[in-house]
Amino acid sequence: MADAIEKETQTPAPFRRSREDHWLVRGGLTLATLAIIGLLIVVPVVNVFSQAFSKGLATYWHSLTGDADTRHAILLTVTVAPVAVALNLVFGVAAAWCIARFQFRGRTLLITLIDLPFSVSPVVAGLVFVLLFGAQGYFGPWLREHGYQVIFATPALVLATAFVTFPFVARELIPVLEAIGPDEELAARSLGASGWQMFWKITLPNIKWGVLYGVILCNARAMGEFGAIYVVSGRITGQTDTVPLRVEKLFQDYNTPASFALASLLTLLALVTLFVKVGIERHARPRPAKKE
Amino acid sequence: MASVNRRVLPGFSLSLGYSVTYLSLLVLIPLGACFLKASSLSLSEFWAAVWTDQAQAAYRTTFGCALVAAAINVFIGLIVGWTLVRYDFPLKRMFDALVDLPFALPTAVAGMVYATLYVENGWLGQFLVPMGIEVAHSKLGIVMVLVFTGFPFVVRTVQPVLEALDAETEEAASILGANRLQTFMRVILPTMLPAIVTGFALAFARAVGEYGSVIFISGNVRFETEIAPMLIVSRLEQFAYREATAIAVVLLTASFVLLALINVLEKWSKRHG
C-alpha cells in the first residue's frame, strides 16, 4: 500500500490522471459498494439486535438467563469450542513448522489435504462420524460394549467441531513462519539452545500474533458451527444442544425474541472477532492468506 | 536450504509425524469410512440411492443456486474490491472489515435473520413482497444466503491483485491512447482473471456444501427448494444410512474435483499474478 502511494506521488500530474476515474464512475461505484455491504451485511446485523431487544432489555436478559436449556447450550458451547480450538492449535503449530521449515516428499500433498475440510459440506462432516461411532457404525458396537457414548454426546461435538475448523490455525501460521524465515532459529541452535528452548524463546514469540489470529478465527467458527453438530448431536434439548442449535430450535418454536437474543450473542462474537482481527492486522503481520 | 535446515533445526520428524497422525485420525480415516460404507452397496443400489427424482431435483437446486450465487459474487465482489482499493470514502476501514463478517457470523444466524428480513412483514419483505418478489421460501432466498456466505471470497482474492497492479501499465495504456474503459477491459481485467476465477471457485465450493443458512430460508419444499445436504439429513433421520452415505459420496466427489481445480487455479494465478 505504502509503496503504491509513494509511487503515485512521484508520478508527474498528467500521468497520474491516467489512473483516476471520472467522478461519476467513482461516485457510482462507491455508492454501489456502500449499498452492497449495507444490504448484505449491515442491515442483517442491525436487524439481529433490533429483534433481540424488541421486547425490552428485561425480556432480553430473561431469555438469556431464565431458561435452563439455553443456559446449558451456552455452557456446552463454551466447553466444546475451546477443546476443538486447542486440538487444532497444537496441530496447526506442528504442521506449520514442518511445512514452512523443511522440504520433504509429499509436502504439497499435505498442504492440499489440510484444506480438505473447507471443501467438505458440514453435513457430510457430521455424517462421517455417525458412520464411525454411531450405533450402526464401524466402532459403534465396541463402544457400546465398553460403555462409551460418542455420538449424541459431547465427544462427537468436539470431533465434528475440530473437523470443520481443522485448517484455520495451520493456514494462518504457514505463511507467517515462511515470511519470518529460519535465521533466528538457526542462530539460536548454533549458540547451543535446545530444540524446545528455541521453540519457546524464538519461534513462539515470533509467531504469537499469527497464533492469536488463527485461534480467534477458529474459535468464531467453532462456536458457530451448525451443520456438522446438527447431524452428530441428535439435538437433545438440554443435553447436546449448542448455542446455534438452540437458536434454531427457539426459532422453529416461534419464540423469535428468545432466538434472536441468543443469536445476538453469536453476532457480538462475530463482531468482536472482526475487531480483534483488524487490531492484529495492524500489529505487523503479512497480508492474510487468500482463503479464510 | 532444505538439507541444512533438517540437520540444524529440530523437530522435523516429531512435527511431521504428529501432523500426519492427527490429519489421518480426524479427517482421512473418517472420510475413508464414508467411501468404505458406500462401497458396501452394489452399483445398482448406489445408483438407485443417488439418482432418484428427488435427488436429481436436489442436485439441480444445490449446484444451480451455488452457480448463480458465485456468479453474483464475482460481479459485486469486483465492484467492492475495486472501490476499497482505489477510492477513499468515510468509514472505509470499517466497511473493509465488515466484508469478512460472513466468515465470522454463524451460518444459522445468517439464515435466520435473512428469513426474518424477507418475509411479508420483515424490514425488506414489506417492500418486496407486494412487488411480487418472494425471497423467503424460494430459490431466490437460497441464492441470497449463498451470496452472503460466499461474499468475502471474491473480494479478498481480488484485492491483493489490484493492490499489486503497478501504475506504469495503466499509464502506458493511457499514453498509447486507450480510454479508461479500454484500459480496464484490456489491461486490468485480464490481469485479475486468475484471481476472479479462484474467488468464483471458492465461493461456489462453499455454497455447494452450505446447510445452516439455507434451511431457515428455503422452507424445505421437496423438488423445489430442497438441497442435497438436506436430503442427507432427512435420509439420516429415517435411519437410511446407506442412502445418506451414497449421496454424501456424490457431494464429496464434487468437492474433491473442486478442490483440485482450485489448487490448479491458484498455481496459475501465482504464475500470472
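Proteins come first, then strands; the chains are lettered A, B, ... in the order of their sequence lines, and each starts at number 1. This one's a predicted model, so the numbers in the text were calculated from it and none came from an experiment.
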Inset, instruction - Against chain B, label A:L266 side chain, backbone, both or neither, depending on which of its atoms sit under 4.5 Å from a heavy atom there. - result: both
Inset, instruction - Nearest 0.5 Å please: distance from the CG atom of B:N263 over to the CG atom of A:D115. - result: 7.0 Å
Inset, instruction - Would you check if B:P106 and A:F226 make a side-chain contact, meaning some heavy-atom pair closer than 4.5 Å? - result: no
Legend entry - B:L258 side chain near A:S119 side chain, heavy-atom distance below 4.5 Å: no
Inset, instruction - Start with the C-alpha distance between A:D21 and B:R180, add both sets of side-chain angles, then the distance that settles salt bridge (Lys or Arg N to Asp or Glu O under 4.0 Å), and finish with yes or no. - result: CA-CA 7 Å; A:D21 296 316; B:R180 277 304 281 167; 2.7 Å; yes
Inset, instruction - Using a strict 4.0 Å threshold on nitrogen-to-oxygen distance, state whether B:D100 and A:K277 make a salt bridge. - result: yes
Legend entry - Spatial distance of atom CG (A:L39) from atom CE (B:M144) [nearest 0.5 Å]: 6.0 Å
Legend entry - Most contacts with chain B, counted as non-hydrogen pairs under 4.5 angstrom, among A:L159, A:T273, A:L34: A:L34
Inset, instruction - Measure B:L14 against the heavy atoms of chain A and call it side chain, backbone, both or neither at under 4.5 Å. - result: side chain
Legend entry - Which atoms of A:M223 approach chain B - backbone, side chain, both or neither, heavy atom under 4.5 Å: neither
Legend entry - Top of A:L87, A:V120, A:L271 for chain B proximity - count of heavy-atom pairs under 4.5 angstrom: A:L87
Legend entry - Heavy-atom pairs under 4.5 Å with chain A, option from B:G122, B:A33, B:A110 with the top count: B:A33
Inset, instruction - Compare all side-chain heavy atoms of B:F95 with those of A:I36 and state whether any distance is below 4.5 angstrom. - result: no
Inset, instruction - Please lay out, stage by stage, how B:R93 and A:R282 fare under the test side chain to side chain contact (heavy atoms under 4.5 Å, CB included). - result: CA-CA 12 Å; B:R93 290 187 64 101; A:R282 227 178 286 176; 3.2 Å; yes
Legend entry - A:I37 versus B:L98, closest heavy-atom pair with distance: CG2-CB, 4.3 Å
Inset, instruction - Check whether A:L110 gets within reach of chain B through its side chain, its backbone, both or neither, counting any heavy atom under 4.5 Å. - result: side chain
Inset, instruction - Run the numbers on A:T33 and B:W82 for side chain to side chain contact (heavy atoms under 4.5 Å, CB included), then give the verdict. - result: CA-CA 9 Å; A:T33 297; B:W82 177 269; over 6 Å; no
Legend entry - Residues, nucleotides or ligands: over 12 heavy atoms within 6.0 Å of A:R107 CZ: yes
Inset, instruction - Would you mind reporting whether A:L131 and B:L36 have side-chain heavy atoms less than 4.5 Å apart? - result: no
Inset, instruction - Please round to the nearest 0.5 Å and tell me the distance separating atom CE of B:M112 and atom CG of A:N47. - result: 9.0 Å
Inset, instruction - Could you tell me which portion of A:V46 (side chain, backbone, both or neither) has an atom closer than 4.5 angstrom to a non-hydrogen atom of chain B? - result: both
Inset, instruction - Counting only heavy atoms closer than 4.5 Å, note whether A:F199 contacts chain B via side chain, backbone, both or neither. - result: neither
Legend entry - B:T245 portion near chain A, given a 4.5 angstrom heavy-atom threshold: both
Legend entry - Contact winner vs chain A - B:Y241, B:F89, B:W123, B:Y114, heavy-atom pairs under 4.5 Å: B:W123
Legend entry - Structural part of B:L236 lying under 4.5 Å from a heavy atom of chain A: side chain
Legend entry - Heavy-atom contact with chain B under 4.5 Å, split by part of A:V278: side chain
Legend entry - For chain A, the option from B:L91, B:L124, B:T116, B:T107 that forms the most heavy-atom pairs under 4.5 Å: B:T116
Inset, instruction - Any chance you could measure B:L9, atom CG, to A:L186, atom CG, to the nearest 0.5 Å? - result: 4.5 Å
Inset, instruction - Supply the atom-to-atom distance B:L16 CG to A:R101 CZ, rounded to the nearest 0.5 angstrom. - result: 15.5 Å
Legend entry - Flag side-chain contact, heavy atom, 4.5 Å: B:L26 against A:F166: yes
Inset, instruction - Could you pull out the closest heavy-atom pair between B:P10 and A:F102, with the gap in Å? - result: O-CZ, 3.9 Å
Legend entry - Which atom of B:P229 lies closest to which atom of A:V123, heavy atoms considered: O-CG1, 3.7 Å
Inset, instruction - Would you check if A:L116 and B:L31 make a side-chain contact, meaning some heavy-atom pair closer than 4.5 Å? - result: yes
Legend entry - Portion of A:F260 that has a non-hydrogen atom of chain B nearer than 4.5 angstrom: both
Legend entry - Smallest separation among heavy atoms of B:V113 and A:P44, with atom names: CG2-O, 3.3 Å
Legend entry - Among the listed options A:I111, A:L113, A:L262, A:V247, the residue most often paired with chain B at heavy-atom distances under 4.5 Å: A:L113
Inset, instruction - Hey, could you give me the NE2/CG distance between A:H22 and B:N179, rounded to the nearest 0.5 Å? - result: 12.0 Å
Legend entry - More than 12 heavy atoms from other groups under 6.0 Å of CZ on B:F35: yes
Legend entry - Under 4.5 Å from a heavy atom of chain B, the part of A:L40 involved: both
Inset, instruction - Could you tell me which portion of B:I76 (side chain, backbone, both or neither) has an atom closer than 4.5 angstrom to a non-hydrogen atom of chain A? - result: both
Legend entry - Proximal component of A:V243, with respect to chain B [non-hydrogen, under 4.5 Å]: neither
Inset, instruction - Indicate the atoms forming the closest heavy-atom contact of A:A220 with B:A104, along with that distance. - result: CB-O, 4.2 Å
Inset, instruction - Can you tell which part of B:F256 gets under 4.5 Å to a heavy atom of chain A, answering side chain, backbone, both or neither? - result: side chain
Legend entry - Nearest heavy-atom neighbours spanning B:A248 and A:L127: CB-CD2, 3.3 Å
Legend entry - Part of A:Y138 within contact of chain B (heavy atom distance under 4.5 Å): side chain
Inset, instruction - Give, as side chain, backbone, both or neither, the part of A:S50 having an atom under 4.5 angstrom from any heavy atom of chain B. - result: side chain
Legend entry - Contact winner vs chain B - A:F129, A:F104, A:F275, heavy-atom pairs under 4.5 Å: A:F104
Legend entry - When A:G227, A:A263, A:S264 are compared by non-hydrogen pairs under 4.5 Å with chain B, the top option: A:A263
Legend entry - Which atoms of A:L269 approach chain B - backbone, side chain, both or neither, heavy atom under 4.5 Å: neither
Inset, instruction - Heavy-atom distances under 4.5 Å only: say whether A:V93 touches chain B with side chain, backbone, both or neither. - result: neither
Legend entry - Segment of A:Q51 engaging chain B (4.5 angstrom heavy-atom cut-off): side chain
Inset, instruction - Determine whether B:S255 and A:S121 make a side-chain contact, defined as any pair of heavy atoms from C-beta on separated by less than 4.5 Å. - result: no
Inset, instruction - Please examine the side chains of A:V231 and B:Y211, heavy atoms only from C-beta on, and report whether any two atoms are closer than 4.5 Å. - result: no
Legend entry - B:V208 portion near chain A, given a 4.5 angstrom heavy-atom threshold: neither
Legend entry - Which atoms of B:I79 approach chain A - backbone, side chain, both or neither, heavy atom under 4.5 Å: both
Inset, instruction - Against chain A, label B:F216 side chain, backbone, both or neither, depending on which of its atoms sit under 4.5 Å from a heavy atom there. - result: side chain
Legend entry - Contact class of B:F12 relative to chain A, heavy atoms under 4.5 angstrom: both
